[in-house]
Each structure stands twice: as C-alpha cells, then as structure tokens.
K.L.:
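To start, I am sharing the structure in question, which I have written as structure tokens.
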Amino acid sequence: MNPSGTEQIFSQYSTCLYRPGSLMRSLPWPIKAAYSGDEIVELLWSTILKLERLLGKFGQDSQILEDSVLIGCSEQQEAWFALDLGLNSSSSINASLQKAEMETALQGSFIKLTKALFELNVKDASLLSTAQALLRWHDTHQFCSRSGQPTKKNVSGSKRVCPSNNIIYYPQVAPVVITLVSDGTRCLLVRQSSFPKGMYSALAGFCDIGESLEETVRREIAEEVGLEVDRLHYSASQHWPFPNSTLMIACHATVKPGQTELQVNLKELEAAAWFSRDEVATVLRRNNLSNQQQSGAVPFWLPPKLAIAHQLIKEWVEKPTCSPLPA
Ligand SMILES: NC(=O)c1ccc[n+]([C@@H]2O[C@H](COP(=O)([O-])OP(=O)(O)OC[C@H]3O[C@@H](n4cnc5c(N)ncnc54)[C@H](O)[C@@H]3O)[C@@H](O)[C@H]2O)c1
Ligand SMILES: [Mg+2]
C-alpha cells in the first residue's frame with residue numbers, strides 16, 4: 001500500500017483491495033483486480049484486457065487467468081474473481097513476475113495481509129479474507145489424496161475434482177471457538193507470543209473432532225487457564241483466513257465469582273490476566289489510535305474493530321449482563 005494508505009488507493013482507482021498474490025476480475029469486462037505475493041496484499045481496478053497485456057509484458061501466459069476463483073459479486077451483479085500471481089513463490093511458474101515491477105506497472109504497492117485486513121472496511125475485509133483462504137486452499141489441494149493424480153478446479157473455484165476417480169474436494173473450514181470469560185465484574189484477556197507486542201485478546205481454540213462447541217469452550221478454558229465455565233452463551237461468528245480458513249464462533253462465558261484463580265498454560269499462552277470494565281473501556285476508547293508505537297501510552301491494546309474478538313470485548317463493556325443460556 002502506498003504511504004498515504006488505502007483511502008488514496010481507493011479514490012485514485014475507484015477500487016477495493018485484496019489478498020496476497022491475488023487479482024480480481026469481473027466478467028466479461030471490466031476487471032476488478034488485485035495482486036500480490038504470499039504475505040503481501042493489494043488491489044486495484046483494471047480490465048481483463050489490461051491484465052492480459054500486463055501478464056504478456058512480464059512474459060506470462062494469460063492462461064493463468066483461468067486459475068481465478070469466484071469470491072463474490074457487486075451490487076450490479078458483476079462477478080468478482082481473485083487470482084494468485086505467485087509473486088513470492090520461487091516454485092511458481094509466475095515467479096518471474098517481479099514484485100517491484102508489478103507495483104510500478106499497476107501503480108500500487110503491496111502490504112502484509114494481516115495489516116491490510118485491519119485497515120479495510122468490513123465488506124472489503126470479508127472479500128479479501130475469502131479470496132485469500134480460497135486461493136490458499138486451491139494451492140494446497142492440487143492432487144487427489146486417493147489416486148495421487150492432479151485435481152482439476154471447476155470454473156468458479158468452488159471445488160476440485162480428480163478426473164481419474166471423480167472424487168470431489170470442497171474447500172475446508174476449521175471451526176474455532178473464541179470466548180470472552182468474565183467473573184461478573186472483570187474479563188479475562190490473554191496473549192500468545194505470536195501476537196503483536198502489547199496486544200491482548202479473548203481466548204481461542206480449535207474444535208477437536210467429536211466435540212460440540214460447548215465442549216470445546218469448556219476444554220479450551222480449562223486447558224489454557226485452568227478455569228471451569230459456569231454459564232455460556234453464543235454471540236456471533238466470523239470467517240477468518242488465519243492460519244488457513246477458520247470459522248470463528250464467538251461466545252461469552254462466566255465463571256463462578258469464587259473460582260477465578262488462573263493457572264496459565266505457558267505452552268499455549270504468554271500471559272493471561274483479569275481486567276476491570278473501566279480498564280478495558282479505557283483501552284477500547286484509545287484503541288482506534290493505538291498501535292505498537294503508542295503502546296507506551298496505554299497499558300495494552302486490543303484487536304482491531306474488524307476482529308470478532310474486538311466485538312466480543314465491546315459487547316461485554318457495553319452490555320455486561322447478558323442473559324445466559326445453559327452451557
Ligand atoms: N478473529 C479474531 O478475533 C481472533 C482472535 C484470536 C484468535 N484468532 C484465531 O484463532 C485461531 C485459533 O486460536 P489458537 O491458536 O489459540 O488455537 P488453539 O488454542 O487450538 O491452539 C493452536 C494449536 O492447535 C493445534 N490445532 C488443532 N487443530 C488445528 C487446525 N485445524 N489448524 C491449525 N492448528 C490446529 C495446532 O497445534 C496449533 O498450534 C488462531 O489461528 C487465530 O488466528 C482469531
Ligand atoms: Mg488457544
């Protein structure tokens with residue numbers, strides 16, 4: 001992204017943005033285009049003609065446009081596709097598409113996917129996250145796990161088929177629960193060593209095979225901080241492209257007031273602590289401005305608005321007494 005940020009790119013190109021290595025198009029013309037490499041993202045409007053010319057300029061066969069996947073459509077019913085240009089992949093046939101040259105040719109620049117997601121509005125972020133997750137799934141499901149033969153993508157990219165045995169592979173989504181635990185007056189925030197410096201979030205964990213969501217919440221909370229869930233209720237859900245494609249299922253949980261002593265599992269978490277409503281409300285208010293540079297000014301910071309963790313925390317601050325359902 002150029003230094004002046006997304007807004008300028010959008011206004012300059014009347015466009016939206018997107019995933020690492022992706023390029024989006026509407027059919028038949030014009031194209032909504034995005035592009036980048038594995039960890040960087042961006043996009044802009046283009047037309048299929050321009051893209052074909054651009055690919056030609058970089059010595060690429062425009063045949064790669066066939067690898068595009070359908071990720072949505074505009075209000076005018078234009079189809080939007082995404083394509084991985086493989087800018088960062090040395091094994092890719094597109095490796096010769098040099099990032100800097102592409103940036104110049106497309107009059108844009110690349111940024112990390114994580115950063116891009118947090119700078120977008122909800123609609124664009126959702127599109128980007130779908131594109132990123134779907135393109136990655138195609139990239140890692142090139143072969144049939146039964147026959148070992150190459151699989152073939154359908155036109156929209158909603159599935160892959162093995163021509164030798166007709167096995168159909170559909171994109172996978174892993175369910176993850178994310179829970180904001182409260183003891184009635186305080187909420188529990190945790191951090192993993194992989195989080196950006198100073199950021200705390202709600203407690204998350206993948207569902208194991210055979211588990212209900214409720215069982216996952218109870219197990220994860222017991223495993224990671226040694227607490228027993230008393231009451232639990234569902235809040236909302238969100239598709240999330242990290243680490244691959246997950247469905248984040250967000251819940252509020254309460255523990256009994258007298259049973260709040262934390263036993264932090266340091267294999268999974270770097271830290272976990274209880275925070276008062278006032279503390280969290282203060283950080284939430286400052287969070288819009290908050291980033292790593294400003295972390296000295298605030299004790300900690302929270303995930304950006306777009307993350308479902310942020311919504312959970314905001315809900316708790318604004319509406320502390322939600323009516324619980326039996327766990
Ligand atoms: N959107 C949000 O607001 C938000 C906030 C916090 C976490 N998250 C996401 O939640 C995800 C899960 O949280 P966590 O890391 O605490 O989970 P976790 O506590 O289950 O621990 C992760 C570990 O679980 C194992 N695992 C089991 N099934 C897995 C699968 N299908 N894919 C990958 N690993 C699997 C791996 O060993 C992995 O290292 C994270 O990837 C993170 O991106 C999203
Ligand atoms: Mg976890």
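Whatever order the structure lists them in is the order used to number ligands and atoms, beginning at 1.
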K.L.:
Excluding sequence neighbours, so at least two apart, what forms ring pair (Phe, Tyr, Trp, His ring centres under 6.0 Å) with His141?
P.N.:
Trp137
K.L.:
Would you say Gln263 has more than 12 foreign heavy atoms packed within less than 6.0 Å of its CD?
P.N.:
no
K.L.:
Quick check on Glu223: does its CD atom have over 12 non-hydrogen neighbours (other residues, nucleotides or ligands) under 6.0 Å away?
P.N.:
yes
K.L.:
Between Arg219 and Asp208, does any NZ, NE, NH1 or NH2 come within less than 4.0 Å of an OD or OE carboxylate oxygen?
P.N.:
yes
K.L.:
Would you please name every residue forming a side chain to side chain contact (heavy atoms under 4.5 Å, CB included) with Asn244, sequence neighbours left out?
P.N.:
Arg136
K.L.:
Got a second to check how far Met199's CE is from Leu302's CG, nearest 0.5 Å?
P.N.:
8.5 Å
K.L.:
With distance as the sole criterion, is a donor-acceptor pair present between the side chains of Ser245 and His239 under 3.5 Å?
P.N.:
yes
K.L.:
So, with waters excluded, how many protein N/O/S atoms does the Mg ion (ligand 2) have closer than 2.8 Å?
P.N.:
2
K.L.:
Between Tyr200 and Phe275, is the gap from one ring center to the other below 6.0 Å?
P.N.:
yes
K.L.:
Which protein residues come within less than 4.0 angstrom of ligand 1, counting heavy atoms only?
P.N.:
Ala174, Val176, Ile178, Gln192, Ser201, Ala204, Gly205, Phe206, Glu220, Glu224, Gln238, Trp240, Phe242, Pro243, Met248, Glu268, Ala307, Ile308, Ala309
K.L.:
Under a plain distance cut-off of 3.5 Å, with no hydrogens placed, do Gln149 and Ser164 share a side-chain donor-acceptor pair?
P.N.:
no
